[in-house]
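What follows is a short report on a single structure.
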Amino acid sequence: MTVSRQKIHEDGPEFSRLAWGAWRLESDPDAADPAKLADKLEALIELGITTIDHADIYGGYACEAIFGAALKARPGLKSRIELVTKAGVALVKPARPNHVVKHYNTSKAHLVASCERSLTNLGVDAVDLYLIHRPDPLMDADEAAEALTKLRDDGKIKSAGVSNFTPFQFDLLQSRLSFPLVTNQVEHSVLHLAPLHDGTFDHCQQHRVSPMVWSPLGRAALFGETGERHERLRKVLEEIAGQTDAADIAQVALAFILRHPSRPVPVLGSGKFERLQSMARADTIALDRQQWFRIWEASNGAPVP
Amino acid sequence: MTVSRQKIHEDGPEFSRLAWGAWRLESDPDAADPAKLADKLEALIELGITTIDHADIYGGYACEAIFGAALKARPGLKSRIELVTKAGVALVKPARPNHVVKHYNTSKAHLVASCERSLTNLGVDAVDLYLIHRPDPLMDADEAAEALTKLRDDGKIKSAGVSNFTPFQFDLLQSRLSFPLVTNQVEHSVLHLAPLHDGTFDHCQQHRVSPMVWSPLGRAALFGETGERHERLRKVLEEIAGQTDAADIAQVALAFILRHPSRPVPVLGSGKFERLQSMARADTIALDRQQWFRIWEASNGAPVP
Amino acid sequence: MTVSRQKIHEDGPEFSRLAWGAWRLESDPDAADPAKLADKLEALIELGITTIDHADIYGGYACEAIFGAALKARPGLKSRIELVTKAGVALVKPARPNHVVKHYNTSKAHLVASCERSLTNLGVDAVDLYLIHRPDPLMDADEAAEALTKLRDDGKIKSAGVSNFTPFQFDLLQSRLSFPLVTNQVEHSVLHLAPLHDGTFDHCQQHRVSPMVWSPLGRAALFGETGERHERLRKVLEEIAGQTDAADIAQVALAFILRHPSRPVPVLGSGKFERLQSMARADTIALDRQQWFRIWEASNGAPVP
């Protein structure tokens, strides 16, 4: 099987139905060898996972360059993947000695400079999608929009989007742009249902934007954590795995996300190829409505109203 | 007296200012006799309550047919009432043996088929208003809108609306329709003030939509329940009953709802004609602002800010 | 130094960057002497604080007339200040013997009459800005808009705005007006961050409306109150005062507000000229992003996400 593909917005990129998150490359011993990382990317592309999710800050500002080394080692890869990266969060790290507190920065200067650094680190001329990583309470929407417009006009980003934005924040930034924001990357999983009822996914669907989804497996809490809610959920996921072609509860938990009509794109965080290979099968698991609602009910711990 | 009438939207139906909810017909011994139910409907029409609120699921999918039998027994009734029904909730009931969990279904196939079943059960060619009963987290707005459009084009529904929707959910569905949604039926009472401040009624008023209101007497909790809040409320309602023409606190509690500028239509749930006859008098009780705010304050348990 | 100035909306008035709130005149012994109050106003104007914030209800309906006496005593002042007043709250006070409960009133009759009383009390032909003081759950938006339109057409108010409105309430009223609402006056301070994340300031910025801010120093709780949060905040504000030209933590706390891209106008509540003179210096304190986020973090009691 190969993971299917979809446009995330009429004017946005075509992505693989599941993306891979490169946020842990820095602690992955294999990734230190560009050839090994290139091999893994080849295997992911083979699997159909071609969309790679980055942020300038991942690995303490280190992951993009690690990834870039693999692209340099295997130049043919570039044209076979879609690159997403983000900016706007500023970490206190040795690589940023003037930072004294974690903060957000959506100034034009920062968004432009951060993108240019990302391109250098990744070793590419452009990214397919550039996201503002967090809603910045100090965002000057005119300035942020100017930055995105300039980067797009200069060919450095092909599309723009946001992450963790409320509908109000999305509307504010969109109101200053002459082109559409094509995604809102938010947290969602069987353990985190908020975007289903707080307006986030309604707003995405209204604007025909496919959300991207981070922590689609609930930061792995789904698998190990004890407690009534987690155990209740695992039980239901296991039953549904038994009713479908799913090999494990992770596939069911991902299929739960994929079922939403806004067509979310989960970003898989695992570094292990075998895990990713298994998770990719979620794309073939079609939950029916009642299976989906059993999971919803188990997560809420209360009957459907 | 006769209950007054109002259009619920410029392009929507004219309703009686108070509607009757047919959700308990199944447990009403009198309703088992079509002639007796027809007599009750005659009496309600006499009273001016001509708008009847149904849902496919009421009485475990049984109420519409019970009502339909009365319409069949007394054919002249049809043209003197306005019928509302709803779809989109799926119950686990003997009548639906393939349901394993309560869930929502706003697929085109379900919304169309459910409407057709409702028309058959009610024995009518069309309903005046067709509502999506609950916000379905899996609602594909294009599909739901296609269903409503087809039903309207086919003459099976005269208007469409929603129930229990947030403004975001309302805007999403409205964005896919070429005709206006004409109501949002929500919970509201002196015990449930949420729609007054969470945007629901603001949004209704902005779009010149009259909400319909379910549980307008707080599921009867208002009358029997003990506890500080209920007792405080009853005391204030009684005082205000004494200041107005109201015969009891139910009339005041309904007048509280009727006072809102969005012109809500309460759906009265009682099966007893005498109760309905008494409640209908709420339409003649005009609370002044200070009476209204005394109730609001008593419900909040804190002074007006 | 002189406090800087800004338009609060393209079609709205030009205000001083900090406004003065006249809500305590009634308990200010000096204000009882019109000449003394006029002297204070002269001094404020000298300082650059020319925007004066009133409401009909301040001082139990007494403050506007006290202020008006000073304007009468020193007629030249009128043309050198901008007057804001508000209506729509009804207090239980000797001056309003028919009020039995605090309530809101946004009827056309009340909004027009209240404005006319304010003009009489202030002794002016018009106010620069007229605000609906609180969101009235019984607001008939057509009626409230008619009142504002009439007052504007009659030259009694130059601009209109709201106070304490949610985005939904703002949109509702705006939908009935042919001219823009130019502000939303809300509570905000280092102790009250809600408008930064609940959509209020996003909505203001989207509509290019500068909010006005009441209780910008957290009702003075910032200075005296004990408890972990207050002490943590004071410590950070003191550190930042040491890093900037700020003389005290009040200046830093105001600079925190002034830093927002929607360009909020804090309304200073102090009656003491020396305090106001000191606070005015906040206009010259430019916090950098990291200073701002240190305060945000100290207020939240948790790291930036």
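Numbers restart at 1 for each chain; the letters A, B, ... are given by sequence-line order, proteins then strands. All values reported here derive from a predicted model rather than from experimental measurement.
A donor-acceptor distance shorter than 3.5 angstrom exists from the side chain of Arg289(B) to the backbone of Tyr104(C), with no hydrogens or angles considered. Listed for the Lys102(C) side chain is no donor-acceptor partner under 3.5 Å among the backbone atoms of Pro303(B). Arg176(C) places a side-chain N or O within 3.5 Å of a backbone atom of Gln206(B) that can act as its donor or acceptor partner.
Under the rule for a salt bridge (charged side-chain N to carboxylate O under 4.0 Å, His left out), Arg259(B) has no partner lying at least two apart in sequence or in another chain. Residues forming a salt bridge (charged side-chain N to carboxylate O under 4.0 Å, His left out) with Arg232(B) (at least two apart in sequence, or on another chain): Glu228(B).
Rounded to the nearest 0.5 Å, atoms CG (Asn105(C)) and CD (Gln290(B)) are 9.0 Å apart. The CD atom of Gln205(B) sits 10.5 Å away from the CD atom of Gln169(C) when rounded to the nearest 0.5 Å. In this structure, CZ in Phe168(C) is found 8.0 Å from OG1 in Thr200(B), a value given to the nearest 0.5 Å. The distance from the CZ atom of Phe165(C) to the CG atom of Asp202(B) is 8.5 Å, given to the nearest 0.5 Å. Between the OG atom in Ser175(C) and the CZ atom in Arg208(B) there is a gap of 7.0 Å [rounded to 0.5 Å].
Annotation: Asp11(C), atom CG; neighbour count of heavy atoms from other residues, nucleotides and ligands within 6.0 Å is above 12. Dense packing is recorded around NZ of Lys7(B), with more than 12 heavy atoms of other residues, nucleotides or ligands lying under 6.0 Å away.
Listed in order of number, the residues of residues 131-147 of chain C that approach chain B to under 4.5 Å between heavy atoms are Arg134(C), Asp136(C), Pro137(C), Leu138(C), Met139(C), Asp140(C), Ala141(C), Asp142(C).
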Atom pairs and distances, donor-acceptor, side-chain atoms in residues 189-197 of chain B, under 3.5 Å, two or more places apart:
unit_1: Ser189(B); atom_1: OG; unit_2: Leu191(B); atom_2: N; d: 3.0
unit_1: Ser189(B); atom_1: OG; unit_2: His192(B); atom_2: N; d: 3.2

